[in-house]
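No hydrogens, no waters, no symmetry mates; every other heavy atom, side chains included, goes into these values. Each chain gets a letter, A, B and so on, in the order its sequence line appears, and its residues count up from 1.
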Amino acid sequence: MSTDSSQAPVKWCVLGRAPRGGFEAVSVGASGTAGDPVAIAPSELAEFVGDLERTSAPRWVWRSTGAVYPELLTAGVRVERCHDLTLCHQILRNSALVRERGPLLTDPRWAEAAAPPDTPVGGSSPALFDIETAPPSDSSLDTLAESLREFTRQRAAVESASEPGRLALLLAAESAGALVAAELRAAGVPWDTAEHDRILTERLGPRPPGIDAKPEKLAGAGVIVRQALGDPSVAIDSPPRLLRALRAAGIDVASTSQWELAEHTHPAIEPLLTYKRLARLLSANGWVWLDEWVSDGRYRPVYIPGGVVTGRWASSGGGALQIPRLLRPALRADDDWLLVSADVSQLEPRVLAAMAGDRAMSAAGRGKDLYSGIVASGFIATRADAKLAMLGAMYGATSGESGRLVPRLRRAFPAAMGLVDDAAAVGERGGTVTTWLGRSSPPPEPEWQAAQAAASMPGATSRDENVARRSARDRGRFTRNFVVQGTAAEWALAWLAEIRRRLAAFPPVPAERSAPASGAVFSRLPHLAFFLHDEIIVHTPREHADAVAAVVTESAEAAARLLFGDGSVDFLLDLRVSQRADKD
DNA sequence: CGGGGAGGCGCC
DNA sequence: AAAAGGCGCCTCCCCG
């Protein structure tokens with residue numbers, strides 16, 4: 001293999017560990033491997049990757065992005081494209097588009113590596129992505145030979161697919177997502193620790209000295225609750241004991257959840273709800289969280305690309321998917337930098353309209369809030385009802401206010417509703433459904449199959465039948481939502497990948513204006529700092545903010561074209577440029 | 001004493 | 001006692 005740029009461009013470069021330490025790499029073109037593998041000493045890996053990236057920018061093929069890319073980023077090396085064998089294996093082995101999956105199933109080690117770990121790894125260790133503490137996986141797959149074999153099987157699987165183009169797009173998007181996830185962690189979310197502390201102190205009182213001591217306002221709420229209940233010693237943090245105390249005080253509740261408490265009138269209710277709110281804030285995002293997850297002005301949560309069956313990302317450690325809105329003001333750009341924040345308005349309904357080719361629903365969202373458009377269509381009276389009905393349609397509501405509204409949506413948008421209703425019917429029968437680009441739902445569990453079989457046996461009891469019916473409907477709701485949530489995740493990956501690609505082309509700002517906490521690769525460039533399902537935040541030098549905003553908008557248009565081609569569905573963004581994430 | 005389930009609640 | 005999909009993570013509490 002050579003990095004001489006006068007040769008034909010390298011298409012792929014497979015990177016793996018060498019049997020006796022270090023790494024090896026080999027280029028792969030359309031007609032197969034080119035030349036012998038080259039050996040790379042561990043200390044030379046970043047230089048090797050960086051050089052080849054500059055000369056021929058191959059698509060890097062490796063077992064796991066999370067296992068190799070963080071150290072490249074630390075060394076200042078960024079890559080444009082990759083093929084993450086573990087993530088792609090997971091998609092291909094399930095995809096209904098793949099016609100010949102046999103070869104993919106020959107080596108169970110890849111399936112095991114692709115499966116989410118049974119147990120959370122390393123507790124809340126922030127170092128999950130580091131090589132030393134990576135999830136336990138079969139290291140024998142790290143070798144170049146194994147990676148090459150698997151890559152060959154995956155290429156054959158894609159070629160066998162009924163729609164190889166879509167599947168190839170999905171694999172590219174998934175792999176780009178893996179790069180983004182590692183880069184997000186490397187760059188971190190710019191976090192204003194002082195503002196976070198102000199918010200905590202305002203609500204809870206000053207940070208108490210001991211780890212077990214309750215902040216004064218939390219303790220104060222507890223005193224009022226106990227007084228109002230007439231029970232000076234009840235342990236409010238213990239649901240069983242609190243429930244007994246509530247009932248003893250004449251409050252007829254079956255649980256201690258806030259939604260149920262809110263329906264009763266009693267002097268203890270309001271302080272109890274306050275207590276719960278404060279206790280939650282303290283335990284989930286209090287000073288302990290701040291100490292553990294924020295350092296040098298950066299919050300670095302751990303993202304798990306493809307961690308959810310639908311293709312959404314999961315997180316493990318740091319709670320990136322559950323940052324309360326209350327703390328958004330702590331998300332603050334560095335001095336002379338700005339945040340460009342964008343979320344997609346009604347992403348899932350718009351994705352559904354595009355998938356189904358539903359002209360009426362597309363029209364309802366064209367150039368405006370989709371829920372308002374539904375109101376304008378005359379079938380539903382208020383925006384709140386339109387939102388409730390749409391969520392019910394996508395989640396499979398059958399009762400309550402939401403379930404009552406869904407039939408109106410069915411009359412207004414028969415194509416869109418037909419798509420999700422069909423997906424539910426397939427799921428209830430035990431079938432699999434598939435997203436727009438080819439991610440398929442997992443087959444039913446054996447327990448599910450057994451329950452269905454038991455209900456159709458002679459002598460089945462009505463209880464058997466009820467169990468089977470309920471589990472069938474549960475699964476129908478899952479597959480109903482899977483097609484929409486999964487395709488929305490694909491749209492979001494395409495959006496992310498395009499933003500990422502375009503941001504890399506910006507001119508770096510002078511070193512004196514850099515944001516060193518964002519890491520070697522990103523300290524002088526606009527970079528993605530946060531991603532949450534349908535929402536992104538870019539941290540950018542002030543002078544690039546307007547151009548970044550344009551990039552974010554244009555990338556949404558590009559994602560829509562890439563997936564759905566014709567552009568008949570608008571994907572509107574709510575876009576803000578600001579110092580803090582919650583302000584204009 | 002650690003693991004796991006349940007209750008509860010934060011996000012989309 | 002949530003009606004309706006996908007998650008993570010905290011505390012409590014039971015159990016081996």
Atom pair distance, as rounded to whole Å: [atom1] in [X] and [atom2] in [N]:
X	N	atom1	atom2	answer
A/Glu401	C/dA1	CD	P	22 Å
A/Lys276	C/dC12	NZ	C1'	12 Å
A/Leu261	C/dA1	CG	P	15 Å
A/Lys387	C/dA4	NZ	C1'	14 Å
A/Asp343	B/dC12	CG	P	9 Å
A/Asp237	B/dG8	CG	C1'	12 Å
A/Trp313	B/dC12	CH2	P	16 Å

[N] OP1/OP2 closer than 4.0 Å to side-chain N/O of [X]:
X	N	answer
A/Arg325	B/dC12	yes
A/Gln258	B/dG10	yes
A/Arg312	C/dC7	no

Between A/Ala356 and A/Ala416, the two heavy atoms sitting closest are CB-CA, 3.6 Å

Side-chain ion pair, A/Asp534 and A/Arg350, N-O less than 4.0 Å:
no

Quick note, A/Leu532 side chain, CB onward, closest among C/dG6, C/dA3, B/dC12 is B/dC12

Inset, instruction - Please tell me which of the listed nucleotides, C/dC13, C/dG5, C/dA1, lies nearest to the side chain of A/Pro240? - result: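 Looking only at heavy atoms from C-beta outward on A/Pro240, the closest nucleotide is C/dC13.
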
Check: A/Arg280 near the nucleic acid: base, sugar-phosphate alone, or nothing, with a heavy-atom cut-off under 4.0 Å?
Finding: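 Result for A/Arg280 = base.
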
* Asked: Heavy atoms under 4.0 Å, any strand shown: does A/Leu388 hit a base, just sugar-phosphate, or nothing?
  -> base

| request: Kindly confirm whether the side-chain ring of A/Phe482 is stacked on the base of C/dG5, judged by centres under 5.5 Å and planes under 30°. | output: no

Quiz item: Judged by atom type as modelled, is there a donor-acceptor pair below 3.5 Å linking the side chain of A/Trp436 to the main-chain atoms of A/Met355?
Solution: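 Pair absent, no side-chain N/O of A/Trp436 close to backbone of A/Met355.
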
Rounded to the nearest 0.5 Å, the CG atom of A/Asn481 sits from the OH atom of A/Tyr395 at a distance of 6.0 Å

